[in-house]
Amino acid sequence: MILNLFSQFASPNLFGLPLIFIALLAPWFLFPTPCNRWLANRVVTIQTWFVKTFTKQIFSPLNTPGHKWALILTSLMVFLLGMNLLGLLPYTFTPTTQLSLNLGLAIPLWLATVAIGFRNQLTASLGHFLPEGTPTPLIPILIIIETISLFIRPLALGVRLTANLTAGHLLIQLISSATLALLFSSPIVSTLTFITLILLTMLEIAVAMIQAYVFVLLLSLYLQENT
């Protein structure tokens, strides 16, 4: 039973070739390219509105040097959002349920923000490890605590995204299995569980969008500290 539940998170293979690369490229194939016409179609209009709204929401609190990250963070948001939503479709694979992929995205971007802080404002970045007015006996302890909290950030980014999506997929599979099992023995209970499944699916769509936004938002906050 446990193996059946978690088998959905294993990377699918076809003739020995991993299909995770197709799942990683799928969001970009579905994202429409801008056209050169004066009046764009509805899909391109929605795409432009989304990018403008997201960019304004994320980068308005940042300083001017942080605006150079607009293309990277916007592309990351589209990438995560596409994978999270496509993974909710039947017979699909969600790459963002893999901790290795999420850490592979979180660690380099977090490390880049830290490197920018040490390069541009070394004194201010080192000052985060020791708050002003700290008593002398607490200085070594606070430095250790702040160092640990700094290195935990990318781990928290990856684990948060993985855990939320994994839990949602498991709940959907459990409730859908219960709905099918109770279909003939108890149709009324099966109908109630099916309604619960629909509500849970709507919740998971919201969670998929929110988690992609939170991932990029936290990266922008780390960038704000170091610019």
Side-chain angles (χ1 to χ4, degrees), residues 1-12 18-32 42-43 46-47 49-51 53-54 57-58 73-106 109 153-183 186-221:
M1 179 64 179
I2 296 177
L3 292 177
N4 292 334
L5 285 176
F6 287 92
S7 61
Q8 60 176 317
F9 303 115
S11 178
L19 300 181
I20 188 174
F21 300 106
I22 299 178
L24 292 175
L25 293 175
W28 302 114
F29 292 145
L30 299 178
F31 204 71
R42 292 182 178 89
V43 178
I46 294 174
Q47 166 194 327
W49 170 83
F50 169 75
V51 171
T53 305
F54 171 77
Q57 184 74 22
I58 291 292
L73 295 185
T74 304
S75 302
L76 179 63
M77 175 66 183
V78 172
F79 180 61
L80 292 176
L81 184 62
M83 286 194 299
N84 292 351
L85 293 178
L86 288 176
L88 293 174
L89 297 175
Y91 303 103
T92 55
F93 173 69
T94 312
T96 44
T97 56
Q98 306 296 310
L99 184 60
S100 57
L101 174 66
N102 296 333
L103 289 180
L105 292 173
L109 293 172
R153 285 180 174 182
L155 182 62
L157 278 177
V159 171
R160 180 187 296 108
L161 182 59
T162 304
N164 281 281
L165 295 180
T166 302
H169 283 66
L170 287 176
L171 282 175
I172 289 177
Q173 183 171 357
L174 286 172
I175 295 179
S176 60
S177 301
T179 303
L180 185 61
L182 297 172
L183 182 60
S186 181
I188 297 178
V189 179
S190 178
T191 304
L192 293 177
T193 54
F194 180 71
I195 295 174
T196 305
L197 179 62
I198 294 177
L199 296 177
L200 180 61
T201 304
M202 295 172 61
L203 176 63
E204 284 305 311
I205 292 175
V207 169
M209 294 187 290
I210 291 172
Q211 289 303 317
Y213 177 75
V214 168
F215 191 94
V216 179
L217 178 63
L218 290 176
L219 280 175
S220 69
L221 293 178

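All heavy atoms count here, side chains included; hydrogens, waters and symmetry mates do not.
Under the 3.5 Å distance criterion, the side-chain polar atoms of S220 are matched with a main-chain donor or acceptor of L217. Listed for the T166 side chain is no donor-acceptor partner under 3.5 Å among the backbone atoms of A163. With hydrogens and angles ignored, the 3.5 Å screen pairs no side-chain donor or acceptor of S186 with any backbone N or O of L182.
Contact record, G158 with A106: N-CB, 4.4 Å, taken as the closest heavy-atom pair. Of all heavy-atom pairs between F54 and T74, the closest is CE2-CA, 3.6 Å.
Counting heavy atoms from C-beta outward, L81 and Y213 have side chains that stay 4.5 Å or more apart. Side-chain contact check for L183 versus F194: every heavy-atom pair is 4.5 Å or farther apart. No side-chain heavy atom of I58 sits under 4.5 Å from any side-chain heavy atom of M77. A heavy-atom distance below 4.5 Å is not found between the side chains of L88 and T201. F215 has its side chain within reach of L76: a pair of non-hydrogen atoms, C-beta onward, lies under 4.5 Å apart. The shortest side-chain heavy-atom distance between L105 and L80 falls under the 4.5 Å cut-off.
With rounding to the nearest 0.5 angstrom, the OG1 atom of T96 is 10.0 Å from the CD atom of Q211. Expressed to the nearest 0.5 Å, how far CD of E204 lies from CG of L197 amounts to 10.5 Å. A distance of 12.0 Å separates CD1 in I198 from CD1 in I172, rounded to the nearest 0.5 Å. Rounded to the nearest 0.5 angstrom, M209 CE and L85 CG are separated by 6.5 Å. To the nearest 0.5 Å, atoms CD1 (I175) and CG (L192) are separated by 12.0 Å. The CG atom of L155 sits 10.0 Å away from atom CZ of R160, with the distance rounded to the nearest 0.5 Å.
Between the side chains of H169 and T94, at least one donor-acceptor pair of N or O atoms lies under 3.5 Å. At a cut-off of 3.5 Å, with distance as the only test, a side-chain donor of T193 or T179 sits close to an acceptor on the other residue.
Applying the side-chain hydrogen bond (donor to acceptor under 3.5 Å, both in side chains) criterion to T162, with sequence neighbours excluded, gives N102.
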